[in-house]
Amino acid sequence: AYKDIFTLTVVLGRTVGIGAYLVRLGQRTIQKTTASPIILTGYQALNKLMGCDVYRTNDQLGGPGIMYSNGVSHIAEPDHLSA
């Protein structure tokens with residue numbers, strides 16, 4: 001079925017946990033350029049786990065600057081209508 005059915009995901013806001021996994025399983029992803037990180041866990045939890053402040057925002061983990069550059073998101077758009 002994966003080869004027969006095209007899947008498209010539009011990320012317009014923060015996507016966390018299983019939602020982030022579902023984005024990655026899709027074939028094409030459009031991500032809004034602001035306030036739409038795709039993350040498994042938040043930056044605060046990771047900082048706490050590491051015992052120091054490495055990250056300051058969720059965009060550093062899964063914002064379009066990361067996900068588009070790595071090929072997870074295929075298009076980055078500035079707003080809902082463009083997406």
Checklist entry - Can you list the steps and then say if Leu46 with Val54 is a side-chain contact (heavy atoms from CB on, under 4.5 Å)? => result CA-CA 8 Å; Leu46 290 176; Val54 176; over 6 Å; no
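Minimum heavy-atom separation, Ala76 to Pro64: CB-CB, 4.3 Å. The shortest non-hydrogen separation linking Gly62 to Met67 is O-CG, 3.4 Å. Across His80 and Leu12, no two heavy atoms sit closer than the pair CD2-CD1, 3.3 Å.
The distance from the CD1 atom of Ile75 to the CD atom of Gln31 is 12.0 Å, given to the nearest 0.5 Å.
Each side chain to side chain donor-acceptor pair (under 3.5 Å) pair with one or both residues in residues 34-58, not counting sequence neighbours, would appear here, but there are none.
In this structure, Asp79 contributes its side chain and Leu81 its backbone to a donor-acceptor pair below 3.5 Å.
Using a 4.5 Å cut-off between side-chain heavy atoms of Ile, Leu, Val, Met, Phe, Trp and Tyr, with links allowed through other members, Ile30 and Phe6 fall into the same hydrophobic cluster.
With a 4.5 Å cut-off on side-chain heavy atoms, Ile38 and Ser73 count as touching.
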Anything under 3.5 Å between a donor and an acceptor, one on a side chain of residues 13-28, the other on a protein residue two or more places apart or in another chain? List them.
{"unit_1": "Thr15", "atom_1": "OG1", "unit_2": "Gly13", "atom_2": "O", "d": "3.3"}
{"unit_1": "Gln27", "atom_1": "OE1", "unit_2": "Thr7", "atom_2": "N", "d": "3.1"}
{"unit_1": "Gln27", "atom_1": "NE2", "unit_2": "Tyr2", "atom_2": "O", "d": "2.8"}

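Grouped by direct or indirect side-chain proximity (heavy atoms under 4.5 Å, Ile/Leu/Val/Met/Phe/Trp/Tyr only), Leu49 sits alone.
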